[in-house]
Number of protein chains: 2
Amino acid sequence: MKKVKIPEATIARLSVYSRFLNRMEKNGVDTVSSGEIAKGTASNSAQVRKDFAYFGGFGKRGVGYDVIDLNRNIKEILGLNKEWRAIIVGMGNLGKALAYYHGFSTRGFKIMGLFDNDPQKIGEKIDTLTVQDDQVMEKFLDNNEIDIMILTLPAEYTQAVVDRVEGKGIKGILNFAPTVIHASEGTQIRNVDLAVHLEVMSYNLTHSINKEQE
Amino acid sequence: MKKVKIPEATIARLSVYSRFLNRMEKNGVDTVSSGEIAKGTASNSAQVRKDFAYFGGFGKRGVGYDVIDLNRNIKEILGLNKEWRAIIVGMGNLGKALAYYHGFSTRGFKIMGLFDNDPQKIGEKIDTLTVQDDQVMEKFLDNNEIDIMILTLPAEYTQAVVDRVEGKGIKGILNFAPTVIHASEGTQIRNVDLAVHLEVMSYNLTHSINKEQE
DNA sequence: TCCTCCTTGTGATAATTCTAACATATATTG
DNA sequence: CAATATATGTTAGAATTATCACAAGGAGGA
Ligand SMILES: NC(=O)c1ccc[n+]([C@@H]2O[C@H](COP(=O)([O-])OP(=O)(O)OC[C@H]3O[C@@H](n4cnc5c(N)ncnc54)[C@H](O)[C@@H]3O)[C@@H](O)[C@H]2O)c1
Ligand SMILES: NC(=O)c1ccc[n+]([C@@H]2O[C@H](COP(=O)([O-])OP(=O)(O)OC[C@H]3O[C@@H](n4cnc5c(N)ncnc54)[C@H](O)[C@@H]3O)[C@@H](O)[C@H]2O)c1
């Protein structure tokens, strides 16, 4: 599906570069070099240029990159020129934190619905949305075109929820529960495991690994 | 500092394996094969065995791995046999979610203190802890041996907080703000960037990348 | 004891990803 | 307009990481 296989690490870095460029834009900077991007994103200049090179040349030799132009290009590569519509299932601590967070909408991800099965939580207003009964989720998905489902519920219930939305048009699932889930072929699944970060840190500290954060 | 360089990806997987083994333990399973571990953690059996092989042989040929024994070994490798003491700075949406989460303490990470600079939040009780004034953080760190600082505050304030705890014994920083921070050499910094996950997903969906999630 | 079955541990190989170096293009200065 | 300085784009090579294939160890049955 692609001429050259592009490293996922490159895509992840593009996302970081783009948000760095946002800050530059806001600061009125209009040109940056690969070295400056590297410094601002804990990367290195060769890596930055290589990452861009996968998609063609965005810069001017001897000069650098036009901040606005480069950022527009990256966002287009990432598919952020369209609006992605998402729901959050499980309005506990983490679900609420995500629902209140405005950082996603500024990147093109719009939270369209919030669901929970706890009567205490149903009806609660969170920001501009009201938590809906988990039972109406299927109907909601029939009536609204939703791309992404964010799962913030206990591990043991995630698979059941995934099964229920089968064929309802969900294209990607962002799963915060520490468990493997299975969806139909073609559905993107990404697992976010916060404990892993702490445990890798524990390992590094225990074994005195000095990650050269440069 | 190590004989062989062990891939960070291996360490991250060990964390996932270990939590899968926790579930097996709870279910009363006493032996697992690399294939079963692979299935339960979205890995593959060769990878699982290779990961273990970095640290020696934990299994019995023809039989598999003793669940309890293997899990104990992994936890020791990860440094989870000791208690890690952490504080959270920034008790907004995300900070609260982390503070209420009990999943970390069961892995050996104990939240010792919560800090914020918003008078509205100072004094608020969260679980068993009370949010303290950010101003007393240095004193708190002098009086308590804290290993890890979790940062859940707006990007623009993170570096200032990091600077203030310099030399106070913090060994690792888990940063949720989307910005690069600098700490003295030897301090582990790990950045958790949730937006990256969504944006990589956006890229994959846009370009019809079918990540074979086994 | 010998034979069969099963699953690990591992060395060889393949694939992926990063790093370094430099030729090329652009701007600027005198 | 030539000379110089600067930063990109790209190619080649190094390093890291994952996959494969199979020999060897161990259990159990005849
Ligand atoms: N909070 C954190 O900091 C954190 C960190 C790492 C991982 N996680 C994971 O994220 C998930 C959520 O964590 P949390 O702390 O928000 O938990 P929580 O218990 O606060 O929230 C879970 C919510 O899911 C709802 N729920 C349960 N079953 C449901 C169903 N079938 N349909 C709809 N809603 C349902 C519950 O009513 C509850 O509101 C868990 O899997 C947890 O392991 C959380
Ligand atoms: N909430 C999310 O889902 C989410 C997702 C991705 C990234 N993040 C990042 O995590 C961070 C926190 O997000 P949030 O949604 O919890 O924000 P928030 O605004 O709800 O919370 C931030 C908290 O930090 C406190 N604070 C500010 N300056 C401080 C200081 N100097 N010392 C102590 N406390 C201070 C504020 O009083 C507030 O309580 C942000 O950087 C955000 O970009 C959050």
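Just so we're clear, the structure is a prediction, and the values are computed from it rather than from any experiment. Reminder, nothing fancy here: chain letters follow the sequence lines and each chain counts from 1. Worth knowing before you read on, the calculation uses all heavy atoms, side chains too, and leaves out hydrogens, waters and symmetry mates.
If you take CD of B:Glu8 and P of C:dC18, they are 12 Å apart, rounded to a whole angstrom. D:dA27 atom P lies 13 Å from atom CG of B:Asp66, rounded to whole Å. Per the geometry, CZ belonging to A:Phe55 stands 18 Å off P belonging to D:dT8, to the nearest Å. Rounded to whole angstrom, the span from the CD1 atom of B:Ile6 across to the P atom of D:dT17 amounts to 11 Å. Separating the CD atom of B:Glu36 from the P atom of C:dT8 is a distance of 9 Å, rounded to the nearest angstrom. Atom CD1 of B:Ile37 is separated from atom C1' of C:dT7 by 12 Å (rounded to the nearest Å). Rounded to whole Å, the distance from CD1 on A:Ile11 to P on C:dT17 is 11 Å. Across the protein-nucleic acid pair, B:Phe58 atom CZ and C:dT7 atom C1' stand 17 Å apart, rounded to whole Å.
Between C:dC18 and A:Asn44, no contact under 4.0 Å exists linking OP1 or OP2 to a side-chain N or O. Not one side-chain nitrogen or oxygen of A:Arg49 sits closer than 4.0 Å to the OP1 or OP2 atom of C:dT19.
Residue contacts for A:Phe52: at a heavy-atom cut-off of 4.0 Å it reaches no nucleic acid atom on any strand shown. Contact annotation for A:Ser34: backbone-only contact, meaning every heavy-atom pair under 4.0 Å involves sugar-phosphate atoms and none involves a base.
Minimum atom distance to the side chain of A:Lys5 is reached by C:dT17, of the listed C:dT10, C:dT17, D:dG26. Listed candidates were D:dT17, D:dG9, D:dA21. Nearest to the side chain of A:Tyr65 is D:dG9. Of the candidate nucleotides D:dA18, D:dA21, D:dA24, D:dA24 has the atom lying nearest to any side-chain atom of B:Arg61. When each of D:dA12, D:dA24, D:dG9 is scored by its nearest atom to the side-chain atoms of A:Lys50, the top-ranked nucleotide is D:dA12. You'll find that the side chain of A:Gln47 is closest to C:dT19, out of D:dT10, C:dA27, C:dT19.
Side-chain atoms of B:Asn44 come within 3.5 Å of backbone atoms of B:Ala46 as a donor-acceptor pair (strictly under, hydrogens ignored).
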Yes or no on salt bridge (Lys or Arg N to Asp or Glu O under 4.0 Å) for A:Glu199 and B:Arg107, after CA distance, side-chain angles and deciding distance?
CA-CA 8 Å; A:Glu199 301 193 359; B:Arg107 299 293 291 173; 2.6 Å; yes
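Comparing A:Asp51 and B:Val63, the nucleotide of DNA chain C nearest to each residue sits closer to the 5' end for B:Val63. The residue among A:Gly62 and A:Pro7 whose nearest nucleotide of DNA chain C lies closer to the 5′ end is A:Pro7.
Between B:Trp84 and B:Phe109, the ring planes are parallel. Angles under 30° get that label, and only those over 60° would be called perpendicular.
Exactly one residue among A:Phe20, A:Phe52, A:Phe58 makes a ring-ring contact (aromatic ring centres under 6.0 Å, His included) with A:Tyr65. That residue is A:Phe52.
Taking the side chain as every heavy atom from C-beta outward, B:Leu98 and A:Leu194 approach each other to under 4.5 Å.
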